[in-house]
Amino acid sequence: MGMAGSGKTTFVRKLYSVLKVMQKNVYSINLDPAIRKLSFPANLDICDTINYKKLMQEYSLGPNGAIVTALNLFATKFFEVIDLLNSKQGIEFIIIDTPGQIETFSWSASGSIITEALSSNFPTSIIYVVDSVRTVNPNSFMSNMLYASSLYYKNQLPIIVVFNKTDLQPAETCMNWMIDFESYMESLDGISSHSYLANLNRSLALVLDEFYQDLPCLGVSSLTGFGFENLLPNMHKSRQEYISIYLPELEKKKKVIEENRVKQEIQKMKKDNEDLSEIRKFMSELRTVEKNNENST
Ligand SMILES: Nc1nc2c(ncn2[C@@H]2O[C@H](COP(=O)(O)OP(=O)(O)OP(=O)(O)O)[C@@H](O)[C@H]2O)c(=O)[nH]1
């Protein structure tokens, strides 16, 4: 996941080719219905089943509305995708590219359904792709980090922050801001020390300090391949964390959901029984009235 234009698709393409060169068994999925030309070989492509342009025309939708609708349609079939993935032998990596407009996936019902379906079946982690060129501005850096933290706390899955495009802008400045609070404060002083935004970002930096602790982050270039050798150990670490920390939590959550579902069903059955006894009472009254009427005639 990542903000529009951060380089998600280019990153997926590079990761796919790096894994293929290592002779890994990779399965790739494109979930961006609005992509014009797919630049990586996708085993499964949302565009094969959903025609984004047609959706816009038929339902008079704007670009984002059509992405959300396409994802909704796809989400209804996602359990079949999970069955398909489970039936494949020997898959080591499943890489998924998400739509350009991040909120259409990260804050939509369909995005949650897809993420939950994946994470309850496979060790799952989020790779959050950041555009290093834009993020060298401390305000843009803060919006990116807020987004990354909201994804982390919402999904409760391991997350790796990848500063992309390091061939144009090294990631060190941003990565240093995460470990050295003072250096981030100084960068804000440099651009807009008394603005509301700078003050807000100072407070947010304090809040995010805990999020930054132990957060795996690294710089890569999806064009040149720089840094990808450091990505794989991070992905393995995320997998281990998923199994030891996140999976037990997911299972607890699943148990609570299941218990609630059973409780709801019991409630419904009780309600049905009550309705039934009301009907019985009514029928018996009706029969008495009928009998009285018969007697009087
Ligand atoms: N120099 C450089 N350019 C990159 C890199 N990664 C991506 N780009 C460029 O950034 C632009 C956007 O890349 P995409 O991969 O389409 O980004 P995206 O996040 O998938 O875009 P949307 O899905 O449209 O939001 C393209 O012009 C890419 O060539 C990189 O590591 N270095």
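Start at 1 and go down the list; that is how both ligands and their atoms are numbered. These figures come from a predicted structure and were not determined experimentally.
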Under 3.5 Å, side-chain donor or acceptor atoms of residues 40-54 against the rest of the protein: list the pairs with distances, not counting sequence neighbours.
residue: Asn43; atom: OD1; partner: Ser28; partner atom: N; Å: 2.8
residue: Asn43; atom: OD1; partner: Ser28; partner atom: OG; Å: 3.2
residue: Asp45; atom: OD1; partner: Asn30; partner atom: ND2; Å: 2.8
residue: Asp45; atom: OD1; partner: Cys47; partner atom: N; Å: 3.0
residue: Thr49; atom: OG1; partner: Ile46; partner atom: O; Å: 3.2
residue: Asn51; atom: OD1; partner: Lys53; partner atom: N; Å: 3.2
residue: Asn51; atom: OD1; partner: Lys54; partner atom: N; Å: 3.1
residue: Tyr52; atom: OH; partner: Pro63; partner atom: O; Å: 3.1

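- Close contacts of ligand 1 with Asp167, meaning ligand atoms under 4.0 Å from a residue heavy atom, involve 1 (N), 2 (C), 30 (C), 31 (O), 32 (N).
- Residue-ligand proximity, Gly100 to ligand 1, at heavy-atom distances under 4.0 Å covers atoms 22 (P), 23 (O), 25 (O).
- Heavy atoms of Leu223 found under 4.0 angstrom from ligand 1 belong to the backbone as well as the side chain.
- Distances from atom 26 (C) of ligand 1 to the protein include no heavy-atom value under 4.0 Å.
- For Thr98, no nitrogen or oxygen atom sits less than 3.5 Å from a nitrogen or oxygen atom of ligand 1, counting backbone and side chain alike.
- Every atom of ligand 1 is numbered from 1 in the order shown, and the set under 4.0 Å from a heavy atom of Ala4 is 25 (O).
- Remark: Asp189 engages Arg202 in a salt bridge, criterion side-chain N to carboxylate O under 4.0 Å.
- Leu223 is listed as a side-chain neighbour of Thr10, based on a closest heavy-atom distance under 4.5 Å.
- Side-chain contact check for Asn139 and Asn201: at least one donor-acceptor pair (N or O, by modelled atom type) lies under 3.5 Å.
- A donor-acceptor contact closer than 3.5 angstrom links the side chains of Ser106 and Tyr147.
- Ligand-side atoms of ligand 1 in range of Ser221: 31 (O), range being under 4.0 angstrom from any heavy atom.
- On a distance-only criterion, Lys165 and ligand 1 share at least one N/O pair closer than 3.5 Å.
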